[in-house]
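Just so we're clear, the structure is a prediction, and the values are computed from it rather than from any experiment. Residue numbers start at 1 and run along the sequence shown. Computed from heavy atoms alone, side chains included, the values below leave out hydrogens, waters and symmetry copies.
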Amino acid sequence: SAAFNAFLKTLEEPPPYAIFILATTEKHKILPTILSRCQVFDFRRIGIVDIAKHLAGIAKNEGIEAEPQALHLIAQKADGGLRDALSIFDQLVSFAGRRLTYQTARANLNVLDHEHYFTITDNLAQGDLPAALLEFNTILQNGFDGHLFVTGLARHFRDLLVSQDARTLPLLEVSEDLVARYGEQAQATPRDLLLRGLDRLAQCDAQYKQSKEPRMLVELTLMQLCRLNAPTASPAEAPMAEKKSPDVGAAPQKQAPAPAAPAP
């Protein structure tokens, strides 16, 4: 407080040649008397769509043919940093030349293709556990980490939930080519599967690093997710109900009243 009060005196009569810039992530700790004398600029992470549009403009100016999905993948990998996105874009163009495709970007950035998530989600929704396990085995054979798959599938489930309502579509951070694809699968996937699946994937994410058998942990998670939407047996195929035990559920029989004793 003493330091802020001393600084406040400087701000009340600042030198004409000085400009003070206060950078903080805890704006609430600054005294209101100081904050009222400042122009406040709230910075945030750059959105994936904005980074992709900026990269598209650069590619057009430089005469580079870049697929929109490739630029969107670079924006995702940059994780909100425009400088990182420009560095990745420059490296990929140096490798691929004047034509940057989605397959080239995916192979060089070591990113799991979204087609795997679409396929496994369809398998889980249909209750096809063997197909889901085989798809996960293919992902592992391609050199991807199981933890990366778990977090990516959780993100895919989140995007499907967002796609189920038109009001939340602006929260969907995917390329325009995938919006319709997400919408189709979102309508075909039960909401309960997505909600309970997100909860189970979050548990798997937290337990992955401590698990001695991470692959078995992920496979168990897929089994549980597949069981959430497994087709139930028809009434004709349902087994006959077991006979109830005589002392369970049986109505007690009324005893006949005892005969009255004869009068003496």
Criterion side chain to side chain contact (heavy atoms under 4.5 Å, CB included) on Q69 and R106, from CA distance to verdict
CA-CA 10 Å; Q69 289 191 16; R106 182 182 60 82; over 6 Å; no
In Å and rounded to the nearest 0.5 Å, what is the [atom1] to [atom2] distance from [X] to [Y]?
X: H114; Y: L73; atom1: NE2; atom2: CG; answer: 8.5 Å
X: L8; Y: T33; atom1: CG; atom2: OG1; answer: 4.5 Å
X: L140; Y: E135; atom1: CG; atom2: CD; answer: 11.0 Å
X: L71; Y: I64; atom1: CG; atom2: CD1; answer: 9.5 Å
X: N123; Y: L222; atom1: CG; atom2: CG; answer: 9.5 Å
X: L225; Y: R200; atom1: CG; atom2: CZ; answer: 7.5 Å

Hey, does the side chain of [X] reach the backbone of [Y] with a donor-acceptor pair shorter than 3.5 angstrom?
X: S36; Y: P32; value: yes
X: N137; Y: L133; value: no
X: D165; Y: R167; value: yes
X: S211; Y: Y208; value: no
X: R98; Y: E62; value: yes
X: D50; Y: I46; value: no

Results of ring-ring contact (aromatic ring centres under 6.0 Å, His included) for F4 - residues two or more places apart only
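With sequence neighbours excluded, F4 shows a ring-ring contact (aromatic ring centres under 6.0 Å, His included) to no residue whatsoever.
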Heavy-atom closest pair, residues [X] and [Y]:
X: V150; Y: L201; result: CG1-O, 3.8 Å
X: A70; Y: A105; result: CB-CB, 4.1 Å
X: C38; Y: L22; result: SG-CD1, 4.1 Å
X: T104; Y: A96; result: CG2-CB, 3.8 Å
X: A132; Y: L124; result: CB-CD2, 4.2 Å
X: L35; Y: I30; result: N-CG2, 4.2 Å

For residues 179-194, which side-chain N or O atoms pair as donor and acceptor with protein atoms under 3.5 Å away, sequence neighbours left out?
unit_1 : atom_1 : unit_2 : atom_2 : d
R181   : NH1    : E115   : OE2    : 2.9
R181   : NH2    : E115   : OE1    : 3.0
Y182   : OH     : H156   : ND1    : 3.2
Q185   : OE1    : H156   : NE2    : 2.9
Q185   : NE2    : F118   : O      : 2.9
Q185   : NE2    : D122   : OD1    : 2.8
T189   : OG1    : Q185   : O      : 2.7
R191   : NH2    : Q164   : OE1    : 3.3
D192   : OD2    : R196   : NH1    : 3.4

Verify same cluster id: [X], [Y] (apolar side-chain graph, 4.5 Å):
X: I58; Y: L109; answer: yes
X: I48; Y: L112; answer: no
X: V111; Y: L178; answer: no
X: I120; Y: L161; answer: yes
X: L172; Y: L195; answer: yes

Residue pair Q224 / R227, side-chain donor-acceptor N/O under 3.5 Å:
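No, no side-chain donor-acceptor pair sits under 3.5 Å.
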Between K77 and D84, does at least one N-O distance fall below 4.0 Å, as a salt bridge requires?
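Salt bridge: no.
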Working note: R215 + E219, criterion salt bridge (Lys or Arg N to Asp or Glu O under 4.0 Å); need CA distance, chi angles, decisive distance, verdict.
CA-CA 6 Å; R215 173 170 181 165; E219 290 177 343; 3.0 Å; yes
Looking at side-chain heavy atoms only, is the closest gap between [X] and [Y] below 4.5 Å?
X: L228; Y: C226; answer: no
X: N110; Y: L148; answer: no
X: K27; Y: V40; answer: yes

Check: F149 ring centroid to F136 ring centroid under 6.0 Å:
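That pair passes the under 6.0 Å test.
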I'd like to know whether the aromatic ring centres of Y117 and F157 sit less than 6.0 Å apart in this structure.
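Distance test on ring centres: not under 6.0 Å, no.
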Exceeds 12 heavy-atom contacts within 6.0 angstrom, atom CE of M223:
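Correct, the count exceeds 12.
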Side chain to side chain contact (heavy atoms under 4.5 Å, CB included), that's the test. Do C204 and L217 meet it? Break it down for me.
CA-CA 7 Å; C204 181; L217 176 64; 3.9 Å; yes
Candidate pair E12 and K9, rule salt bridge (Lys or Arg N to Asp or Glu O under 4.0 Å), full reasoning:
CA-CA 5 Å; E12 289 176 348; K9 294 180 180 179; over 6 Å; no
Using the side chain to side chain donor-acceptor pair (under 3.5 Å) criterion, which residues pair with K60? Sequence neighbours excluded.
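Applying side chain to side chain donor-acceptor pair (under 3.5 Å) to K60 gives none.
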So N5 and L31, side chain to side chain contact (heavy atoms under 4.5 Å, CB included) or not? Walk me through it.
CA-CA 9 Å; N5 290 331; L31 294 180; 3.8 Å; yes
Apply side chain to side chain contact (heavy atoms under 4.5 Å, CB included) to the pair R45 and D79, showing each step before the final yes or no.
CA-CA 8 Å; R45 294 156 60 96; D79 195 22; 2.4 Å; yes
